[in-house]
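Accompanying notes for the structure given below.
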Amino acid sequence: MKPDIAEAKLQIYNTLSRKKEVFEPLLAGRVGMYVCGPTVYGDAHLGHARPAVTFDLVYRFLTALGYKVRYVRNITDVGHLENDADEGEDKIARKARLEQLEPMEVVQHYTVRYHKNMDQLNVLRPSIEPHASGHIIEQIEMIKRILEKGYAYEVNGSVYFDVERYNQHYNYGVLSGRKVDELIANTRELAGQSEKRSSTDFALWKKAEPEHIMRWPSPWSEGFPGWHLECSAMGCKYLGNQFDIHGGGLDLLFPHHESEIAQSTVANGTNPVRYWMHNNMVTINGQKMGKSLGNAMSLDDIFTGSHPLLAQAYSPMTIRFFILQAHYRSTLDFGNEALQAAEKGLSRLTEAGKTLARLQSSQGAQPIGIAKLEQAAWEAMLDDFNSPVAIAQLFEAVRIINSIAEGHLQINQEELEIMRTFYQDFTCNILGLSDEGAAGNDESTIQGLMETILELRQEARSRKDFATSDKIRDRLGLLNIVVKDGKEGSSWQFKP
RNA sequence: GGUCCCGUGGCCGAGGGGCUAGGCACCGGUCUGCAAAACCGUCUACAGCGGUUCGACUCCGCUCGGGACCUCCA
């Protein structure tokens, strides 16, 4: 049974405390959640899929529990600096220059493609998807407040956050566990003459060099905001000075999130976030993904199988299922064997759903214990979103469903209803797994065609004309349709 | 070099001081005209070495191996 949100003890691993904590929203029944979104200057890859799916799961589960969630995920379209802050080039500006486009053309192009990929993965759109470039004013206002409070300084039209001063009054390192002294000691002095007073300081505003094409006016110079600022400004604007959950990849922990905390704390006078959540990284065949390693693959590469490391194409739902089969705080390794296993497992799960739909209950059947499975699945999700354990419960249900369909087991009406609710809640609503078997086709037409074909084949079989029945099956096989003969007649599915 | 994380069976991946994770593969069986699917069953694990404990894969230490961030790339 679905837990009541007033009673449910949702445990979230909070990076701030490095342990699981009981989740208590600031406002009863409501959750404000901010997640760092993509920098749109290239196609989405696995490194984008993991946080998107992870926080989609969080979003869906909070919603399933009954929370009203305002989910904000930004689009970074100002670009991070390509090199170090001194001679850096904006990633988007660089791409625009190379492709001879207006920067916003680059942004638009990749935003559209990102949305397409996310839709394919069945990742729900956030409640608000703000663009950094649309919030320059808010960012400038925030810088002003930080300057007023004396935690930033201006040099030659650029503004830097004074980490050492901040650290005297607060703790720069609460989140990442770093110590400012050690950071300074461990940082090589940059070759060029830095405008920064300390290597740990970071830019709030950068004056644009003449060749820099992305620029906005500000009190200090024509330039652009520093790369940590947008999240602070937009999080505050849409979720308030303090909100419940901030998510992102583990790679953003430092310096990005650490600096967000520092900026917001000074500007708004309060610690901005109650629960920090970080998803772990993905590897490919045990190796980190990176352009320099030659194993970077876009989601489209994966969906079409057009990467040399891939043995075949993997559907978006396979990728989603694969991601959900691991806990979000573990590293996840993409390999062909593992992906093929996920593909088959997902197919089994999906097929069982169809079987469940036509299952009949038997009067007076002994209890099987479906409620216990459902309970275990909810508890797994309440325990820091443990989707792999929830999925394990679903597979238990799959085994039971198939046994009933085989006639090895009987189920009473009450348990059948629990089973249907359980399956629907978890597979569709919480895990967000959609049946993509017939995606893009006119399903009812295909259903009709298939019924006819299978009927003809059945007739051939009844007169022992196996040459014909096999021919039909083989031809369908060429169309990636698998025919399965059972006691109750034949069924079919698209080859996974 | 600094800080932190991890090392589970053929592959992926949960778990946690004594109690079946799960998926995929493999093997045997049931069913089937054949096949697929499904069901049943078998098998196999906690990197190594010490320590704590009645008992450790689970806690502690060391060693080996891998990874993350502090550079880049995303």
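Side-chain atoms are counted along with the backbone in the values below, which use heavy atoms only and exclude waters and symmetry mates.
Base pairing of B:rG17 is not made with any nucleotide, judged by Watson-Crick or G-U wobble geometry with both donor-acceptor distances under 3.5 Å.
Within the 4.0 angstrom heavy-atom criterion, only backbone atoms of the sugar-phosphate kind lie near A:Glu396; the bases stay farther away. Nucleic acid contact class of A:Asn280 (heavy atoms, under 4.0 Å, all strands): none.
For the OP1/OP2 pair of B:rA14 and a distance below 4.0 Å, the side-chain nitrogens and oxygens of A:Ser330 include at least one atom meeting the criterion. Under 4.0 angstrom from either OP1 or OP2 of B:rC39 there lies at least one side-chain N or O belonging to A:Asn402. Look at A:Lys344 and you'll find a side-chain N or O under 4.0 angstrom from OP1 or OP2 of B:rA25.
Residue A:Glu406 places its side chain closer to B:rA38 than to any other of B:rG33, B:rA38, B:rG13. Distances were taken from every side-chain heavy atom of A:Asp251 (C-beta onward) to each of B:rA21, B:rA74, B:rG13; the shortest belongs to B:rA74. Ranking B:rG33, B:rC24, B:rG2 by closeness to the A:Glu182 side chain, first place goes to B:rG2. In this structure, of B:rC39, B:rA14, B:rC34, it is B:rC34 that holds the atom nearest to the side chain of A:Arg461. Among B:rG2, B:rC24, B:rG22, the nucleotide with an atom closest to any side-chain atom of A:Ala392 is B:rG22.
The gap from the P atom of B:rC12 to that of B:rA47 amounts to 14 Å, rounded to the nearest Å.
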